[in-house]
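Scope of the values below: all heavy atoms of this structure, side chains included, with no hydrogens, waters or symmetry mates. Letters A, B, ... are given to chains in the order of the sequence lines, protein chains preceding strands, and every chain is numbered from 1.
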Amino acid sequence: MPELDPVDRALVLETQAGLPLAPQPYHALAARLGIAPEEVMHRLQRMLDEGIIRRIGAVPNHYALGYTANGMSVWDVDDIEVDALGARVGALAFVTHCYRRTRHPPEWPYNLFAMLHGRSREQVEEGVGRIAALLGAACRAHEVLYSRRILKKTGLRITA
Amino acid sequence: MDERDRAIVNALQGGFPLCERPYRAAAASLGMSEEELIARLGALLESGVLTRFGPMFQAERMGGAFLLAALRVPEPDYERVAACVNAAPEVAHNYRREHEFNMWFVLAAQDGARIDAAIARIEAQTGLALYAFPKLKEYFVGMKLDA
């Protein structure tokens, strides 16, 4: 696992709520942290390269964009084929997260989880149909678990 | 949200440049001025269309342990169990889903031992078996939502 040094951590803390909305945001961060702007950019680039930062940009609110239907689709996919197929499912435009996870047979036979966001259940179902077609005979069963209520959402943040 | 806002949301879900004047560079590719882009981003944040504008971190890579977990909660007991689970500081999000496995949450802690302790505590307090769904492989995490 890549290590975060104290300056990286300070940079994460300064940016996890967002970048300054000023013409020179990295310069503003540099001034707050007492380092050079080039070092801010360099460290952010390094964190991007290491996957600590997935990307830099706009994080939309699903609901505000009309994506009110959220379905966690779960699939029982042949263990030999799941990695190749999981990568293809993850590449579909309407899939926002895609993971392989532990099964708990017999109650829970599913090993592939793909999160779908749609403007309606019909749109989510259409996506589920496309995944089913892609998986074909490698998939033995699937279900879609729609979210009904957010019980808690604090997000994953580091603290000083 | 007008067409120009939509263009911003669609084009800027990633790839924001690391340079001296990144808003100017991003604005140029959208055919607008730096001032307009900054003003529109501010308004999109203000109105809640965007939850954030900046780096999206992969929390797992910063150290710490994470686990997706689920419970099969009997309906009459649902509110009590939800209160128990939500009270755990390790629980980052918790969703009610339509299934026999009807409560799904993410545990986040400094290390695996603390996750295990949280599991034991939640099981003791709720009287239910917790199903752990550790991530074995990540195929994709991202947002490709059209505004």
Under 6.0 Å between ring centres: does that hold for A:His104 and B:Phe133?
yes

Do you know which of B:Leu37, B:Leu68, B:Leu41 has the most heavy-atom pairs with chain A at a distance under 4.5 angstrom?
B:Leu68

Just so I understand: if I count every heavy-atom pair under 4.5 Å between each of B:Ala132, B:Gly42, B:Ala39 and chain A, which residue has the most?
B:Ala132

Gap between atom CE of A:Met72 and atom CZ of B:Arg97 - 0.5 Å precision
5.0 Å

Please report the interatomic distance CG(A:Leu145) to NE2(B:His99), rounded to the nearest 0.5 Å.
4.5 Å

Let me know if [X] has heavy atoms under 4.5 Å from chain A in its side chain, its backbone, both or neither.
X: B:Phe101; answer: both
X: B:Gln110; answer: neither
X: B:Leu44; answer: neither

Keeping the roles fixed (side chain from B:Arg52, backbone from A:Gln16), state whether a donor-acceptor pair exists under 3.5 Å.
yes

Examine whether an atom of [X] lies under 4.5 Å from a heavy atom of chain B, and if so say whether it belongs to the side chain, the backbone or both; otherwise answer neither.
X: A:Phe113; answer: side chain
X: A:Met115; answer: side chain
X: A:Asp83; answer: both

So which atom in [X] and which in [Y] form the shortest heavy-atom distance, rounded to 0.1 Å?
X: A:Arg54; Y: B:Phe57; answer: NE-O, 4.3 Å
X: A:Asn61; Y: B:Gly48; answer: CB-O, 3.2 Å
X: B:Pro134; Y: A:Thr102; answer: CG-OG1, 3.0 Å
X: A:Leu19; Y: B:Gly54; answer: CG-CA, 3.8 Å
X: A:Ala64; Y: B:Val49; answer: CB-CA, 3.7 Å
X: B:Met103; Y: A:Leu151; answer: CG-CD1, 4.1 Å

Which residues in residues 16-36 of chain B have any heavy atom closer than 4.5 Å to a heavy atom of chain A?
B:Phe16, B:Pro17, B:Leu18, B:Cys19, B:Glu20, B:Arg21, B:Pro22, B:Tyr23, B:Glu34

Under 4.0 Å between a Lys/Arg side-chain N and an Asp/Glu carboxylate O for B:Glu90 and A:Lys152?
no

Top of A:Ala22, A:Pro23, A:Pro25, A:Gly51 for chain B proximity - count of heavy-atom pairs under 4.5 angstrom
A:Pro23

